*Asks:* 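Would you mind keeping the following structure in view while I ask a few things?
Treat the numbers as computed from the prediction; the structure is a model and nothing was measured. Lettering of chains follows the sequences in order, A, B, ..., and the numbering in each one begins at 1.
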Amino acid sequence: MSRLDRWFEGMSRESARRVSRRNWLSRFGGVLVGGVALPLLPVARAAEKHTVGEDGVKGREGDPTRCEYWRHCAIDGFLCSCCGGSHTACPPGTEMSPVTWIGTCRNPADGKDYIISYNDCCGKTFCGRCMCNRNEGERPLYHWYRSNDINWCGGAKSQTYSCSTAVVVKTAKEAQPEK
Amino acid sequence: MRLAITVAALLLTTMTARADSYEEHDYSLNCSGCHRMDGSGSSVVPSFHKMPELNGKPGVREYWIQVPGAAQAPLSDARLAALMNWLVQRFTGKRPKPAYTAQEVGQLRMNPLRDPIAKRNELQQAPPR
């Protein structure tokens, strides 16, 4: 232990003799600023591809406020991400409908299909922002439990539609339609 | 550190639940939207937890295939038979005897119910077999 102490003492005395305090400050400042700026470089952003989403699904999260976001492949409505909520949570003052329609979407990051639950948020007047209408794999009204043209707020306390979420349920065994 | 990584990996695998069989996949895609993942239903959809009350009564086996949600599901007869065997087992604790076959399911689907709710009330009042 004392050897370690002596070594450190020697090192600090040596550096104190050779290096000025201002020099140390400027170096330390450089490290601080550099560390903050590093994630802004394109190298750091390329590494994002391998992040894990908030519900454990691997792959680039993408932008949940855009219709092109992979989970929105069969959505029809206003994105809750643009309305004070997120793609998995309702905006304050609204309630998530317990009944919903369910489909599959392919995640381009891992090439897998996922079961997506498009729960509507209900209880406030329609949000009106980020209207999306992609409908991939969606069915006509006579297959009502796979149709997005229904007001799925039917099971909630209030039947007033506000916006739609896109929750990943789990990985799918196959993409729609079934074989 | 190693413990933290193990715990994180464990959490990750449990959070990304996997569909193990077609039965579970078909349940998620074709039933769970309205009946919900736990089968409890809602104010507008019947609960699967009430299936034991009907189980064993005459006509119920056929009724469970003829209800619109089952009969009209976009599934082949074989997949629907497998799904219903799994579903009855899950919510009543007993596998249907004999198990549903693709042929039986196919025939029952061709005779849809005119009034599913009236039929359920009628079945409910019947004494157990």
*Asks:* Does one hydrophobic cluster hold both A:W101 and A:F78, with members joined at side-chain heavy-atom distances below 4.5 Å?
*Replies:* no
*Asks:* Closest heavy-atom contact between B:Q72 and A:H143?
*Replies:* O-NE2, 3.9 Å
*Asks:* So which of A:G154, A:P98, A:A156 has the biggest tally of heavy-atom pairs under 4.5 Å with chain B?
*Replies:* A:P98
*Asks:* Please say yes or no: joined through hydrophobic side-chain contacts below 4.5 Å, possibly via intermediate residues, are B:V88 and B:V105 part of one cluster?
*Replies:* yes
*Asks:* Test of understanding: clusters of I, L, V, M, F, W, Y form through side-chain heavy atoms closer than 4.5 Å, transitively. Do B:L54 and B:L83 belong to the same one?
*Replies:*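 Yes, one cluster joins them.
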*Asks:* Can you name the closest pair of heavy atoms from A:I102 and B:S32 and give their distance?
*Replies:* CD1-OG, 3.1 Å
*Asks:* In terms of heavy-atom contacts, does CD of B:Q103 have more than 12 from other residues, nucleotides or ligands at under 6.0 Å?
*Replies:*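 No, the 6.0 Å shell around CD holds no more than 12 heavy atoms from other groups.
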*Asks:* Take B:H25 and A:T171, measure what side chain to side chain contact (heavy atoms under 4.5 Å, CB included) needs, and give me the verdict at the end.
*Replies:* CA-CA 9 Å; B:H25 169 92; A:T171 51; over 6 Å; no
*Asks:* What's the verdict on side chain to side chain contact (heavy atoms under 4.5 Å, CB included) for B:Y22 and A:E174, showing C-alpha distance, side-chain angles and the deciding distance?
*Replies:* CA-CA 9 Å; B:Y22 276 111; A:E174 64 181 11; 3.8 Å; yes
*Asks:* Quick check against the 3.5 Å criterion: does A:Y145 have a side-chain atom that pairs as donor or acceptor with the backbone of B:A73?
*Replies:* yes
*Asks:* Side-chain contact test, heavy atoms from C-beta onward, threshold under 4.5 Å: evaluate it for A:R146 versus B:N30 and give yes or no.
*Replies:*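 In short, these two side chains touch, coming nearer than 4.5 Å.
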*Asks:* Can you say whether A:S117 sits under 4.5 Å from chain B via the side chain, the backbone, both, or neither, judging by heavy atoms?
*Replies:*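 Neither the backbone nor the side chain of A:S117 comes within 4.5 Å of chain B.
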*Asks:* Is A:V99 linked to B:I117 within one hydrophobic cluster, defined over Ile, Leu, Val, Met, Phe, Trp and Tyr using a side-chain heavy-atom separation of less than 4.5 Å?
*Replies:* no
*Asks:* Are more than 12 heavy atoms, taken from residues, nucleotides or ligands other than A:L32, located less than 6.0 Å from that residue's CG atom?
*Replies:*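 Yes, because the 6.0 Å sphere around CG of A:L32 holds more than 12 heavy atoms from other groups.
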*Asks:* Give the cluster check for A:Y118 versus A:Y161: same hydrophobic cluster or not, with ILVMFWY residues linked at side-chain heavy-atom distances below 4.5 Å.
*Replies:* no
*Asks:* Say you draw a straight line from CD1 of A:I116 to OG of B:S28; how long is it, rounded to the nearest 0.5 Å?
*Replies:* 12.0 Å
